[in-house]
Number of protein chains: 2
Amino acid sequence: MADFRVCVVLSLLCAIAVSVESKYMVYDTAQGVVKGKLNVHMVPHTHDDVGWLKTVDQYYVGSNNSIQGACVQNVLDSMVQSLLVDKNRKFIYVEQAFFQRWWRDQSEAIQETVKRLVSSGQLELINGGWCMHDEAAPHYIDMIDQTTLGHKFIKQQFNVTPRIGWQIDPFGHSAVQAYLLGAEVGFDSVFFGRIDYQDRAKRKGDKQLEVIWRASKSLGSSSQIFAGAFPENYEPPSGFYFEVNDDSPIVQDDINLFDYNVQERVNDFVAAALFQANITRTNHVMWTMGTDFKYQYAESWFRNMDKLIHYVNQDGRVNALYSTPSIYTDAKYAETDSWPLKENDYFPYASDINTYWTGYFTSRPGVKGYVRMLSGYYLAARQLEVMKGRNKAGPTTDSLGDALGIAQHHDGVSGTEQQHVANDYSKRLAIGQKETEVVVAESIACMVSSTPGCGSLATNFQQCPLLNISYCPPTETDLSSGKKLVVVVYNSLGWKRSDVIRLPVVSENIAVYDSNGKEIEYQLLPIVNDAIALRNYYTTAYTGKSPSSTPKYSLAFTASVPPLGFTTYVISTTKKPASNSVNEAFYKHTETGKDWIEVGTGNLKLIYSGSEGKLSQYVNSRSSITASMKQSYSFYAGFDGTTGEQASGAYIFRPNGTYTIGTQEQTPIKVLNGPIYDEVHQKINPWIYQITRVFKNKEHAEVEFTVGPIPVDDGVGKEIVTQITTTMKSNKTFYTDSNGRDFLQRIRDYREDWDLEVNQPIAGNYYPVNLGIYLKDETSELSLLVDRSVGGSSIVDGQLELMLHRRLLYDDGKGVAEALNETVCVGNDCRGLTVQGKYYLRIDPVGVGAKWRRSYGQEIYSPLLLAFTEQDEKTGTNFQVSTFSGMDSSYSLPDNVALLTLQELEDGKILLRLAHLYEIGEDKDLSVMTSVELKKLFAKRKITNVSEMSLSANQGREEMEKKRLVWKVEGSKEDKSPTTQRGAPIDPQKLVVELAPMEIRTFIVTLQGKTIPRRLVSSDLIPQ
Amino acid sequence: MADFRVCVVLSLLCAIAVSVESKYMVYDTAQGVVKGKLNVHMVPHTHDDVGWLKTVDQYYVGSNNSIQGACVQNVLDSMVQSLLVDKNRKFIYVEQAFFQRWWRDQSEAIQETVKRLVSSGQLELINGGWCMHDEAAPHYIDMIDQTTLGHKFIKQQFNVTPRIGWQIDPFGHSAVQAYLLGAEVGFDSVFFGRIDYQDRAKRKGDKQLEVIWRASKSLGSSSQIFAGAFPENYEPPSGFYFEVNDDSPIVQDDINLFDYNVQERVNDFVAAALFQANITRTNHVMWTMGTDFKYQYAESWFRNMDKLIHYVNQDGRVNALYSTPSIYTDAKYAETDSWPLKENDYFPYASDINTYWTGYFTSRPGVKGYVRMLSGYYLAARQLEVMKGRNKAGPTTDSLGDALGIAQHHDGVSGTEQQHVANDYSKRLAIGQKETEVVVAESIACMVSSTPGCGSLATNFQQCPLLNISYCPPTETDLSSGKKLVVVVYNSLGWKRSDVIRLPVVSENIAVYDSNGKEIEYQLLPIVNDAIALRNYYTTAYTGKSPSSTPKYSLAFTASVPPLGFTTYVISTTKKPASNSVNEAFYKHTETGKDWIEVGTGNLKLIYSGSEGKLSQYVNSRSSITASMKQSYSFYAGFDGTTGEQASGAYIFRPNGTYTIGTQEQTPIKVLNGPIYDEVHQKINPWIYQITRVFKNKEHAEVEFTVGPIPVDDGVGKEIVTQITTTMKSNKTFYTDSNGRDFLQRIRDYREDWDLEVNQPIAGNYYPVNLGIYLKDETSELSLLVDRSVGGSSIVDGQLELMLHRRLLYDDGKGVAEALNETVCVGNDCRGLTVQGKYYLRIDPVGVGAKWRRSYGQEIYSPLLLAFTEQDEKTGTNFQVSTFSGMDSSYSLPDNVALLTLQELEDGKILLRLAHLYEIGEDKDLSVMTSVELKKLFAKRKITNVSEMSLSANQGREEMEKKRLVWKVEGSKEDKSPTTQRGAPIDPQKLVVELAPMEIRTFIVTLQGKTIPRRLVSSDLIPQ
């Protein structure tokens, strides 16, 4: 018995069981767009994170698969094979950090094949940066740099320019992304997967997922872009996943086998297409056929897509085709529809009622700080590389550029990667930094020697990357043996500047001389014990050995440096104790109980209440501002998610109560005075230490915070914030920057695009802060500037809040699969990560705050670069040059212009980027057309050619503008700005670059005699 | 702070961080065998189950991946691409059920490419059957057929013959596999992964994993083969798995990336190689680089193997090479070593102390029964197809051959597949059966009509596949309207035979006539209610509708049929009640309490004790045997494994106590008498019903058991066994067959090859039984023959035990991931599967049992084939032929010869296999050289050519023997048998085939005029 178990089924199937011989089947996949039908654009793609759960290298080679099965080599190798099978198949690839290294590994034959595939459009490289950068934490200069890096590779190898922005995974989308890294690089459209769930719902209902995004108030319609948010995510419709081992039903079209399902799959396809058509304008919908690290074996996808296209088109209800976002964009453009207008940005991103992706604005503040520091350093180093002349054999700044490019990834500087991956980013950055230090040292040596070919480059310049924690061996040496310490101070800004330099020293018998040999004022403040302990621990953790000496003082003096140039200072020992009056009683304990402690000797004074140990007032005697001001710390308890609810984690900020810090445990404040600045030391609690500095010659206060190790023994993760509280009536309104560039208005508990349902009154009002955050009332503006990317908000009128550090104990379920619980170890002694950083605080009369925010913002981004060398007293200095500007010595860039890029390319040409720093209306004087004289910028070198380029420098600007698509905007929403201003094309004779507000212009500059690259020497640049 | 997190690491790495440009790397993979070094033969392979967790079609197309990610198309598609990348790369492929269907799907270009790959040896097809058949449950004829099917495809498409047996996964290895499906198909070696863990341990210690396996006592060294058991399994050494997403460390050889690990991986490689060398003879070890369904993207493996070969050979400690089992075998053969001798087989297989893979000998007895039934049917149908002439346009027997080929898989008939897959096998078999029924019906119609071209084939012959449960619509019709039922009885054996036919009928007014029109004796016994209920339920379950009538009687008569021929019988209604005396009181209830109930009217009598309701004695008056005999049922409780221990399941038999069945609940026995046979009905308990039949003219008893639904409401899985107990002193020794062919001696709690540590005294003594099991003492032999594959043993001296059915509630953790809990449903009414089957019982004087076992064994395998048609009384029979033999009418095959295959090939030639049925020494008369006269076998057709072939018919026998490797056997263990006998080469004039004991000879016979195939008609074959 038990025979014939399936004769019931059998009777149905016997009809088809007659032996039809199967044979080779050719699928018709040639279909293009068909007018009058619903066109389903199937876009085969893979999303390859440049680091996340595994490192970028591990993803590339496919190691460490126990964490995540992913191998980019598999994707690229197999994709090529599959494209060769059928010329109608298409594929897009995005991340050049992967693609270019794969490219280098290929045989010439494969390279030729791939060139043909790119040239025919079968393989399209889109987005095309080194990575798909984050849009909250990166600085716009980093975004430009990493995009340029990728676009350059693509241009060089394939002579093509990417047309499409493809930011499908970042967790919210910035204005700068849309207009700068979109329109200004020549993209015809940008697509993304993640927008607020409430926004998405409304847009689906209104068919407004696809918009014209006009993100720049200043540049208006001249920088707008077609922007499409996907209906769900960047994956295929449910049931159409065809990765090896995926469990979507494959298309089984062999009638001789069982489970034949062609009609069923065609029906599924049509249903999914119609569903999407219902929320999409025009007869075109896009299906993103792929997701993270898919196409490990590309054929498994293409085999099924071939069949779908074949049978769906046989069916005829809808039209299925292999497509790319370019083809899709062109199809959209070809429709006569006009499109909804979208302004501002898509922050913050919430994926669910309690799931606000605003924690990552601050996650891994150490990494964020390191990236920002190196970003400014990379900018300066490239300038110095230009001055020295790029050395083909290396060292170069390229490895730092590569590491920074990788670090901008949306699971890199965002802080949402696994710990070992964060370590990997830092390692890459450190390696790049180390190589770049050599470039910097050589260039400085070259410039100071001023001999042709830079002489022997004998002078060995050291740099102090750990100066932020007062570790700097060259300054900590005992100079009593007659040696002198030479400090070369380089200014990468286009303006002359003065800034206070602080160096750790071991002795109080000090004298400081300027480049003319004139002794100058300085001060010494003791380095407090807390700082020394931290210094020793972290220096040991980072260098592998404990410091051999312990500095006693922080030596400070004011350096004054020409634009794009340097000055030297010399520090020596005096035989007698310093006569400097400050040195005699250079600090005092403030008596507790005294209610009025005035700090600051210049225009700015901060008033503290000694009894409360707290800041109480902000006074600027010049601008007549007197404001009540409090500063406080508190923490949010991280929701633990143990009840199955959303936890607070690397991505998500979900507070579970607010707790004030330090009211009980605070020790009395300590005030240290000096001729250059005063310091207020506050030990807020055992793990928060704060130094506030008020400079005699500056009208902002600098707050240096040291937070950590955040205690978690109570089982509660904590997110540490600081608040600056005034009585200003800010009416729910505040402003945060977009990637350090434009400021956007934020209104608490409000969204411009839809009626916000407020679920998370704190997390839902957080925004990324890269440059600063401010608020205002009718009389004044309160601004905070930051030294790295953080999250910030104004939860209460008159108050600004920054989240400084986070330590959490639960994973937030968004994939990273780790709690954000950073530790640092020395041997087996591991401690929660301590973060030290700074923010800067100022109140201006209303309407004039921008000037400080913009100009001092540049100084924060580009601090003075210091290099040290020792000099024997007997031999004396062998520097021919002790001060120098790379520009015409009489020239300075206008106050509203920044030099974003000055870089020598492989072919010896110079990549130059100039940026107007102000938005329209931001400053009454500076928000105007301005100009830069290239002849003065390049001083004595003859400019033989200047070509204006797209922002990523991969095509001529004019050519790009010619190709620009002119989209129709719905209704009366045409450009509301007055005629958008742009600088005029550059006159090849005058070589003056005009810059309109917020305009960034990119040039390739050819200098005489540079067709065969040779070393530039500083004498080429020095005014004679 | 928190910058430079990895400067410690950094300082180590900076040295290598200098920008070495990576570039295309060519790996040297050309290495062959190197003398004097340890050679690591890397054999890239995939193991593609022809059904297991998914159906064969689902595995092929890659659907149903939620159960198991596996797609054979991916493997084959990507393998071809990877082999093309480097001509040194190699791959083996095994399962032709997959390969041939993939082949049909390919373009001509790919087919040409693959032919080149096969011809160059890059792609080697080994084993080459339709599947990798199980070695416990299949009948040797099925093994030959499925191997022939695959080998034929390979020969036709590629003109090659597989050299290697590759039974890497089956759960124990049979003698028949080694000598018949190994040596006799011309294999040079056979490899496998699973042998008893104790055996393996000993063999590793003694370097005896590789042996010369001489598995046939009769054929001795002429049928031996080099056999290698793998050290662990058929996977790569730990850490060398390179499937997409596998987590073995990939070989990272890009010095520019992190995690560079070449030396580490080379060291791992060398260590694994040396470890294996330590347990392996000669300087050659094989690494099986692959496992189940791997190479979904072949490049992920080859990429890493390329690198390993390159760097390991650079290292030079060992020699790594791409290899195949053929190359490995040749390398072993080239060594001068002699090898250990292995005899008998590798059953049973235990993988751990309590993990005896002896449950699957019985798992899914319904499937096993169905396969065995169709095996015999397929044999007969192919004979009938020859007689009719193969119809190119179909129907043919091919689909049944294909389905049977697939079902022999080691997770097919083994019963170790998931339920839905078991259903799929049955569906395929049923479809094949249905098509074959048409071939059979047409052939019979053709033969009875005897007109050239078979006339109109008008006669519609029905068959009754559910006759085993008394469902046969043609016999259940009311014949009172003057219709007659014609029964054509076909005998596929080479001997004339007489057998009792039993048919369900609705009336007692019956007459039966033979082919001469002479009324013959018959009997009618009532069909009992239990049987009717079962019939109705299962007929409904299998056909989808309930039977329209209910038969009352089982009509029985004796049919006598010429060899390879048929006879017709006619059944009609008599007006009067049957005069037959038996009909008057055809059955009686036996009085309970009567202690001596004698059953049987011929030589054999069974004596029952009515008071106990049990068999007590076996008496054969002819052979003067009187034996005490008990028969009983019991069950083993299946170990439930809930404590984390090994559970009893589809693979594993792990009893947790033995429980006697039916002592409490048994109803009184019922005896039914008839002139042809008597029946004893025993309702052992509510779910075991047994009918024992004693035939007047036969000297064995037939026991028909109906077991099920096995109750499991008590949460205990049960494995049902029956025991036949005598007082024979069998001294722990019994005999079971190898795949229905040779009998092997088994000794309880003993293994020939090592000192057995007895862990499982029951499960560890179970063996597969396909034909039968017997034991003996000094005077007599007790034999049981079975109708399907079961597990059996002799747990107690004098007792034989068969496991009839299993129903278990826990998975045994060997991958199938289901409990073996079969149910059958009618609508929503699902019941545990009931199994009905038969075994046959006989006692012979010692030394003469073989004759019954061999000859009656053939009759069980090849029961008479019945076809039915109705005849109108008025028109009379239109049969020209009512009895017929396909051979010369005076001829019969010798008693010791069976016709295994008579099949028309696509080219019209005839495939013929003849088998000697006796082993050396098995029977004093029949274990001798015998012969078959082909001229008489093919009677009136002129034979123009006879070529002797290898067993799988893919090469000439002579050619095969010429290539045979002559292995050295260790020590004095040369062939112990007297000079091995083989039949002489066939004389082309005499055309007489000699057959030595156990010899099977295979021929391709060309008949005159058959070069252009045309229909054979029966007249061609009928003696004139």
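Order of the sequence lines sets the chain letters (A, B, ...), proteins ahead of strands, with each chain counted from 1. Predicted, not measured: the structure shown is a model, and the values here were computed from it.
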(Q) Please find the pair of heavy atoms, one from A:Asp105 and one from B:Tyr24, that lie closest to each other, and give the distance. (A) O-CD1, 3.1 Å
Q: Hey, could you give me the CG/OG distance between B:Asn256 and A:Ser399, rounded to the nearest 0.5 Å?
A: 11.5 Å
(Q) Testing the basics here: between A:Asn245 and B:Ala70, what is the closest heavy-atom pair and its distance to 0.1 Å? (A) OD1-N, 3.6 Å
Q.
Would you compute the distance between atom CG of B:Asn64 and atom CD of A:Gln252 and round it to the nearest 0.5 angstrom?
A. 12.0 Å
Q: Pick one of side chain, backbone, both or neither for A:Tyr60, based on which atoms fall under 4.5 Å of a heavy atom in chain B.
A: side chain
Q) Does the side chain of A:Asp424 reach to within under 4.5 Å of the side chain of B:Phe258, using non-hydrogen atoms? A) yes
(Q) As an exercise, state the distance from OG of A:Ser63 to CG of B:Asp246, rounded to the nearest 0.5 Å. (A) 13.0 Å
Q.
Which one wins on heavy-atom pair count under 4.5 Å against chain A: B:Glu299, B:Gln58, B:Gln68?
A. B:Gln58
Q) Going from CD on A:Gln73 to CD1 on B:Ile250, what distance comes out if it is rounded to the nearest 0.5 angstrom? A) 7.0 Å
Q | Min side-chain heavy-atom separation A:Arg303-B:Asp77 under 4.5 Å | A | yes
(Q) Quick check: closest heavy atoms across B:Tyr297 and A:Gln296, and the distance to 0.1 Å? (A) CD2-O, 3.3 Å
Q. CG/A:Asn65 to CZ/B:Phe242 distance, rounded to the nearest 0.5 angstrom?
A. 11.0 Å
Q. Are B:Arg101 and A:Asp254 close enough for a salt bridge, meaning some N to O gap below 4.0 Å?
A. no
(Q) Looking at every heavy atom in both A:Val61 and B:Leu257, which two are closest together, and how far apart are they? (A) CG1-CD1, 3.7 Å
Q: Locate the shortest heavy-atom distance separating B:Asn74 from A:Val244; write the atom from each residue and the value.
A: ND2-CG2, 3.7 Å
